[in-house]
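Reading through the structure tokens given below for one structure.
Worth knowing before you read on, the calculation uses all heavy atoms, side chains too, and leaves out hydrogens, waters and symmetry mates.
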Amino acid sequence: MQSNLVEFPLAFAMGECDHSGVIKATNYQAAEQQFTELLATDNLDQKLEKEPSLRNEFEHALSVAISAAYQNASGDDAAHHFLQRILYRINRLNLFWYDDLRHYTNERSLYLHQVRNQIEAAWQEWELDQIDVVGLQQLDVKQALIERAAEDLDPPLSPESRYLREQMSQAGYQHLLAIGSFDGLVEGSRLSRILGGAANKVQCTLVRVLLEEYGNGRFSRKHSTFFAQMLNEFGMNTEPEAYFDLVPWQILACANHNFLMTECKRHYLRYAGGLTYFEVAGPAAYRNYLTAAQRLELSDAAMGYWELHIREDERHGRWMLDDVALPLADMYPNHAWEIVLGYDQEKIMSDRAAKAVVEAIRQVEKTAS
């Protein structure tokens, strides 16, 4: 079986000055290709110990990209995209994709662990610099969460929301589905990574959320099945990650952030806060997509996933606030501000991703016209 990651031509490049001031090109595409070859190498750590030159081109690009993305005031989209793709390629090994077992040969590789940590350290510092962490530590946490949830449950329409509702074409809608399939076809998978441990009411609420995401164990009712039906209506590919190369780095960053939050239990409170925002705010976003589909007079199957999510996420949002976030604030009073940090960070990253998706849709529609 082939890997689920479908490849499309890429052309990431940026300029870097050498000591003489001459601009040299860093080819992110070639560097990522080298990395994918390393991923498939048997006994990767031992191989690199004997032949360290195998990683030279990739590590050079990695160093350049980290500087360009996180140490440059203006940032560099190509660098962000390269780094988030690399990080995702590593993180996805935490899930099983029902593909060739050899794809998991290096899932415990110390080298991959080192690369992941190198990217995450620079990236997370950059993300946190955009938040007033000290201010969050002074909040009345429970009141802050209640107020945020009330505001985000039915927010005023943003320019991006209005565009989707009022102007997006069918071609744009299909592009929305292609990008959305990146998460929609594997939804709930990362939540499963954080459910173990001591039993309590918070844990049981999270299990209830997961079970509903998985259709209570019935594949025909699993949320991803409804997303696949939308894709089928347009004759689109329903394989997970089929449209990986269409996914903006801002979407990849949301996925990678969730991997980090679920894999590091020290970030449990941040994860709970982030999931609370995701479930509270979800229906408002899905109403935008549903309204667009109705305006375009699409079939019920072409919009069924949104209708399902509006109903269920309204319930999940209440569960997450009342039965997860607020109880955790009582359980961890000295660290409860981290729940708000997770909530705010998820909102910032989601808003950034939404703008990137609308920009991608606009570009597709401009090309089509």
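Residue pairs satisfying the salt bridge (Lys or Arg N to Asp or Glu O under 4.0 Å) criterion with at least one member in residues 209-232, sequence neighbours excluded, are listed as follows: E212-R315. Within the structure, ring pair (Phe, Tyr, Trp, His ring centres under 6.0 Å) contacts touching residues 245-264 (residues at least two apart or in different chains) are H80-W249. Residue pairs meeting the side-chain hydrogen bond (donor to acceptor under 3.5 Å, both in side chains) criterion with at least one member in residues 133-142, sequence neighbours excluded: K142-D330. Pairs engaging residues 29-59 under the ring pair (Phe, Tyr, Trp, His ring centres under 6.0 Å) rule: F35-F58 [sequence neighbours left out].
Aromatic ring centres of Y104 and F96: separated by under 6.0 Å.
Heavy-atom neighbours of Y163 OH from other residues, nucleotides or ligands within 6.0 Å: above the threshold of 12. No more than 12 heavy atoms of other residues, nucleotides or ligands shown are found within 6.0 angstrom of CD on E125. In the displayed structure, K355 atom NZ is contacted under 6.0 Å by at most 12 heavy atoms of other residues, nucleotides or ligands.
Side-chain atoms of D313 never come within 3.5 Å of backbone atoms of H316 as a donor-acceptor pair (strictly under, hydrogens ignored). Listed for the E233 side chain is no donor-acceptor partner under 3.5 Å among the backbone atoms of S299. Without hydrogens or angle criteria, D323 side chain to K201 main chain gives no donor-acceptor distance under 3.5 Å.
Looking at residues two or more places apart in sequence or on another chain, you find a salt bridge (charged side-chain N to carboxylate O under 4.0 Å, His left out) between R287 and E314. Qualifying side chain to side chain donor-acceptor pair (under 3.5 Å) partners for E120, counting only residues two or more places apart in sequence or in other chains: none. Partners of E49 by side chain to side chain contact (heavy atoms under 4.5 Å, CB included), not counting sequence neighbours: none found. In this view, E338 and R266, H335 satisfy the side chain to side chain donor-acceptor pair (under 3.5 Å) rule, not counting sequence neighbours. Legend: residues meeting side chain to side chain contact (heavy atoms under 4.5 Å, CB included) with L110, ordered by chain and number and at least two apart, are D45. In this structure Q114 satisfies the side chain to side chain donor-acceptor pair (under 3.5 Å) test with no other residue, sequence neighbours excluded. Annotation: side chain to side chain donor-acceptor pair (under 3.5 Å) contacts of T205 (sequence neighbours excluded): none.
At a threshold of 4.5 Å between non-hydrogen side-chain atoms, the residues R295 and R165 do not count as touching. Taking 4.5 Å as the limit, every side-chain heavy atom of L177 sits out of range of all side-chain heavy atoms of Y243. The closest side-chain heavy-atom distance from V324 to I339 is not below 4.5 Å. The shortest distance between side-chain heavy atoms of S67 and N72 does not fall below 4.5 Å. Proximity of L191 to T262: side-chain heavy atoms (C-beta onward) are nowhere separated by under 4.5 Å. Side-chain contact check for V340 versus R148: some heavy-atom pair is nearer than 4.5 Å. Taking the side chain as every heavy atom from C-beta outward, L83 and L252 never approach each other to under 4.5 Å. Using a 4.5 Å heavy-atom threshold, the side chains of H81 and D245 count as separate.
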**OP:** Please step through side chain to side chain donor-acceptor pair (under 3.5 Å) for the pair D152 and Y343, ending with a clear verdict.
**Re:** CA-CA 11 Å; D152 294 325; Y343 187 104; 2.6 Å; yes
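Contact record, S220 with T225: O-CG2, 3.8 Å, taken as the closest heavy-atom pair. Heavy atoms only, all atoms of each residue included: V141 and A329 are closest at CG1-CB, 4.1 Å. Here the closest non-hydrogen pair linking L112 and N106 is CD1-O, 3.3 Å. Listed here is the closest heavy atom pair of M320 and T276: CE-OG1, 3.5 Å. The nearest pair of heavy atoms linking R352 to A253 is NH2-CB, 4.0 Å. Between S189 and Y214, the shortest heavy-atom contact is OG-OH, 3.5 Å.
In this model, no donor atom of one side chain and acceptor atom of the other lie less than 3.5 Å apart for Y271 and N258. For Q33 and E37, the side-chain atoms include at least one donor-acceptor pair closer than 3.5 Å. For N117 and H113, the side-chain atoms include at least one donor-acceptor pair closer than 3.5 Å.
By the 4.0 Å N-to-carboxylate-O rule, E359 lies too far from K366 to be salt-bridged with it. Residues K47 and E51 are paired through a salt bridge, judged by an N-O separation under 4.0 Å between the basic side chain and the carboxylate. Salt-bridge formation is not detected for the pair R270/D344: no Lys NZ or Arg NE/NH1/NH2 atom is positioned less than 4.0 Å from an Asp or Glu carboxylate oxygen. Comment: R318 does not engage E279 in a salt bridge, judged by the lack of any side-chain N to carboxylate O separation of less than 4.0 angstrom.
Cluster membership for L210 and W319, using ILVMFWY side-chain heavy atoms within less than 4.5 angstrom, is shared.
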Without placing hydrogens or testing angles, list every side-chain donor-acceptor pair under 3.5 Å for residues 301-311, not counting sequence neighbours.
unit_1	atom_1	unit_2	atom_2	d
Y305	OH	E187	OE1	2.5
Y305	OH	H309	NE2	3.4
W306	NE1	Y173	OH	2.8
H309	NE2	E187	OE1	3.2
H309	NE2	E187	OE2	2.6

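For the side chain to side chain donor-acceptor pair (under 3.5 Å) with N256, the lone residue among R116, Q84, R92, R85 that qualifies is Q84.
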